[in-house]
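Heads up, the thing below is written out as structure tokens.
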Amino acid sequence: MVSRVIPVDDFDLVIFGATGDLAHRKILPGLFRRFVAGQIPETSQIIGAARTQQDDAQFRDAVAAAIVEHAGVKKNDPRLVQFLKLLGYVAIDATGQGGWKELAGRMRADAIHAFYFSVAPSLFGDLAERLASHGMAHGDSRIVVEKPFGRDLASARALNQTLAQHFDEDQVYRIDHYLGKETVQNLMAVRFANILFEPLWNAQYVDHVQITVAETVGVVGRGSYYDKSGAIRDMVQNHMMQLLCLIAMEPPYHFDPDAVRDEKLKVIRALEPVEPADIVRGQYEGDDGAGSYLDDVGDPDSRTESYIAMKVRISNWRWQGTPFYLRTGKRLRARTSEIAITFKEPPHSIFDDTGAPKANELVIRLQPNEGMNLKVMIKEPGPGGMRLVQVPLDMSFADALGAEGQDMPDAYERLIMDVIRGNQTLFMRGDEVEAAWAWTDPIIDSWEDSKRRPEPYDAGSSGPEEALRLMHRDNRRWREIRA
Ligand code: NAP
């Protein structure tokens, strides 16, 4: 299978925060890989901007080092040498006046203009305002906004309003890098390009859905940021909400940005408030090798959760009566992200006591080893009557797609190219983000009002015992967390 690379049009991309971690680890190596793939015209410009005083040559040296480290190429690779020619740098303070005229002067009239805000969200308003006052917020320019998009409904709404003063909604690209993952997009392909699943994709046939995003790392190194967010703000309100939407939404009339986002918004609006009894929060304890959550954030009284499990209900015709169980946490047994759809058992078994049919289960693995696994019942081979056994129909995308499957583009590569193409399908719309906060806020408020503490769990475990009980109460079990 040969992948088709369709080059994008000539562009000028400005990266605010170009000296930062995200730019060095993800954005610039991602652009380099797209350049190598032949997707970026050699005439395009990538202009770094940050407060650090340096010239184009110094910036290129720093970017070359970052790409050598994160994209696995040699320093003298001719493709890297060629890519560096696209780069320039302007020293700019988002809150100051210096550098803006120079930046405006470097932008070419006949190229697409995109501005990536890879800086703290508190600077987004300053950047938008200065781009506008220097004539760079024209109708065809785009801004890319990193997460977190607000920390509650009020702040997200305020941010939306600030950006809306200078940019229309169709110019704003709110990043949720989960949406750029190849397998997350595959959720839509699996659901809407096959006749097989859709007739069963409802409360009549689906018993429940489990969405798991488990990490082995703790918060050490970013404890002070994380402690203000917790798992609900860091993972549930954005990434897990997006996965939930893609699983639960109605088929859009077309694979078109607003058609897809309209359907996702309907799911978020149909989410029922979550009762405190349906949520379990946890904090990891230390082990020989590493500290506890409380050590890592340096606050013995912190009530912020490093783990959360919750039972979520969607109030609409399709999903009435089918719970969605979400869980995510740090320092868990394995690093894995998956969605498991457990179907109901057949209404009647024609087989005697030779093994009743078990429920079918479809597991979509997002990482590691992206793929799908469908558990089906078959006859156990051999003579001696009809004995049933459940077996997996297992497919790894990497194996199924050959070389192309081994080299799937990183989420950032895909998303940045979509910005240049002007395709917003995989970006969150302002009303979607606000609706997600409107659902999340009461959950956070009720926890903050309570005096409860998160349940402790052992580092390297599957999370707190109480999370198991959340499932057992409903006569269900979590899937094992394993890589
Ligand atoms: P970072 O490493 O702290 O980098 C921040 C960047 O902002 C630096 O380039 C810094 O450069 C620049 N900056 C700071 N103040 C500025 C100002 N007044 N004017 C202009 N530039 C300024 O942060 P990061 O990790 O790259 O994160 C950037 C954004 O991405 C944040 O919104 C973060 O939440 C989001 N994000 C990051 C990750 C990640 O993996 N790192 C993941 C998801 C989302 P100077 O000091 O030279 O000005």
Side-chain angles (χ1 to χ4, degrees), residues 13-31 46-56 58-59 61-63 65-67 69-70 87-100 102-103 115-131 133-134 136 143-151 155-156 159 162-163 172-181 213 215 217-231 233-240 242 328 330 410-416 419 426-428 433:
L13 168 68
V14 179
I15 305 171
F16 294 106
T19 56
D21 174 68
L22 185 69
H24 279 196
R25 265 189 323 109
K26 292 286 179 187
I27 304 172
L28 288 155
L31 284 162
I46 298 166
I47 304 172
R51 291 169 306 177
T52 303
Q53 295 291 334
Q54 58 181 340
D55 58 22
D56 288 351
Q58 287 166 315
F59 178 61
D61 285 346
V63 173
I67 290 176
E69 183 179 349
H70 299 291
L87 303 187
Y89 183 84
V90 182
I92 282 184
D93 184 335
T95 61
Q97 292 307 330
W100 289 97
E102 184 189 343
L103 180 64
F115 302 93
Y116 199 129
F117 294 5
S118 181
V119 294
S122 56
L123 297 173
F124 292 172
D126 288 305
L127 291 177
E129 192 187 300
R130 281 163 180 73
L131 284 172
S133 63
H134 290 86
M136 288 180 274
I143 55 172
V144 186
V145 186
E146 263 298 336
K147 86 162 202 184
F149 199 88
R151 55 176 284 107
S155 54
L159 193 47
T162 304
L163 299 179
V172 182
Y173 291 71
R174 293 175 194 77
I175 291 251
D176 183 324
H177 72 271
Y178 259 58
L179 287 176
K181 287 178 188 280
V213 178
E215 297 178 282
V217 293
V219 301
V220 73
R222 59 190 283 261
S224 62
Y225 161 77
Y226 189 90
D227 201 40
K228 294 192 203 79
S229 310
R233 285 192 173 96
D234 196 49
M235 292 298 299
V236 177
Q237 185 273 344
N238 38 52
H239 307 319
M240 298 193 88
Q242 292 297 325
T328 180
K330 295 196 172 287
D410 177 78
Y412 279 90
E413 295 176 44
R414 163 75 195 237
L415 293 174
I416 298 170
V419 172
L426 301 177
F427 296 85
M428 294 180 296
V433 180

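Counting starts at 1 for both ligands and their atoms, in listed order. None of these values were measured; they are calculated from a predicted model.
Applying the salt bridge (Lys or Arg N to Asp or Glu O under 4.0 Å) test to every pair with at least one member in residues 13-25, sequence neighbours left out, gives these pairs: Asp21-Arg25.
With ligand atoms numbered from 1 in the order given, ligand 1 contributes 32 (O) to contacts under 4.0 Å with heavy atoms of Pro121. Here is the list of ligand 1 atoms found below 4.0 Å of a heavy atom in Gly20: 2 (O), 4 (O), 8 (C), 9 (O), 26 (O). Every atom of ligand 1 is numbered from 1 in the order shown, and the set under 4.0 Å from a heavy atom of Ile92 is 19 (N), 20 (C). Of all the atoms in ligand 1, the ones that sit under 4.0 Å from a non-hydrogen atom of Arg25 are 39 (C), 40 (O), 41 (N). Within ligand 1, counting atoms from 1 as listed, the ones closer than 4.0 Å to a heavy atom of Thr19 are 8 (C), 9 (O), 10 (C), 11 (O), 45 (P), 47 (O). The atoms of ligand 1 that sit less than 4.0 Å from any heavy atom of Pro148 are 34 (O). Using a 4.0 Å cut-off to heavy atoms of Ala94, the atoms of ligand 1 that qualify are 17 (C), 18 (N), 19 (N), 20 (C). Those atoms of ligand 1 with a heavy atom of Asp93 less than 4.0 angstrom away are 17 (C), 18 (N), 19 (N).
When atom types are taken as modelled, the side chain of Asn238 and the backbone of Arg233 share a donor-acceptor pair closer than 3.5 angstrom. Judged by distance alone, the side chain of Arg130 and the main-chain N or O of Thr95 form a donor-acceptor pair under 3.5 Å. Within the 3.5 Å criterion, the main-chain N or O of Gly99 finds no donor-acceptor partner in the side chain of Glu102. For Lys330 (side chain) and Ala231 (main-chain N/O), no donor-acceptor pair under 3.5 Å exists by modelled atom type. Between the side chain of Tyr178 and the main chain of Ala411, no donor-acceptor pair closer than 3.5 Å is present. In terms of modelled atom types and a separation under 3.5 Å, the side chain of Lys228 and the main chain of Ser224 share a donor-acceptor contact. Side-chain atoms of Arg414 do not come within 3.5 Å of backbone N or O of Leu179 as any donor-acceptor pair.
Side-chain contact check for His134 versus Leu103: every heavy-atom pair is 4.5 Å or farther apart.
Contacts of Lys26 with ligand 1, taken as heavy-atom pairs under 4.0 Å, are absent altogether. Counting heavy atoms closer than 4.0 Å to ligand 1, residue Glu146 contributes side-chain atoms (C-beta onward) but none from N, CA, C or O. Residue contacts with ligand 1, taken as heavy atom pairs separated by less than 4.0 Å, involve Leu123 solely via side-chain atoms from C-beta onward.
In this structure, atom 47 (O) of ligand 1 lies nearest to the protein heavy atom Thr52 OG1, 2.4 Å. Of all protein heavy atoms, the one closest to atom 21 (N) of ligand 1 is Ala50 CA, 3.8 Å. Of all protein heavy atoms, the one lying nearest to atom 38 (C) of ligand 1 is Leu22 CD1, 3.6 Å. Distance from atom 32 (O) of ligand 1 to its nearest protein heavy atom, with residue and atom name: Val119 O, 2.7 Å. The protein heavy-atom contact nearest to atom 28 (C) of ligand 1 is Ser118 O, 3.3 Å. Among all protein heavy atoms, the one lying closest to atom 25 (O) of ligand 1 is Asp21 CB, 3.6 Å. For atom 22 (C) of ligand 1, the closest non-hydrogen atom of the protein is Arg51 NE, 3.9 Å. Scanning the protein for heavy atoms near atom 6 (C) of ligand 1, the closest one is Gly17 CA, 3.6 Å.
In terms of N/O distances under 3.5 Å, ligand 1 is approached by Lys147. Between Thr95 and ligand 1, not a single N/O pair is under 3.5 Å apart.
Within the 4.0 Å cut-off (strictly below), no protein heavy atom is located near atom 3 (O) of ligand 1.
In this pair, Phe124 and Phe117 present their aromatic rings tilted. The plane angle is within the 30 to 60° band.
Of the inter-residue distances, the one linking Trp100 atom CH2 with Leu127 atom CG reads 5.0 Å to the nearest 0.5 angstrom.
Residues satisfying the ring pair (Phe, Tyr, Trp, His ring centres under 6.0 Å) criterion with Tyr116, sequence neighbours excluded, are absent altogether.
Ala156 approaches Val433 most closely through the heavy-atom pair CB-CG1, 4.4 Å.
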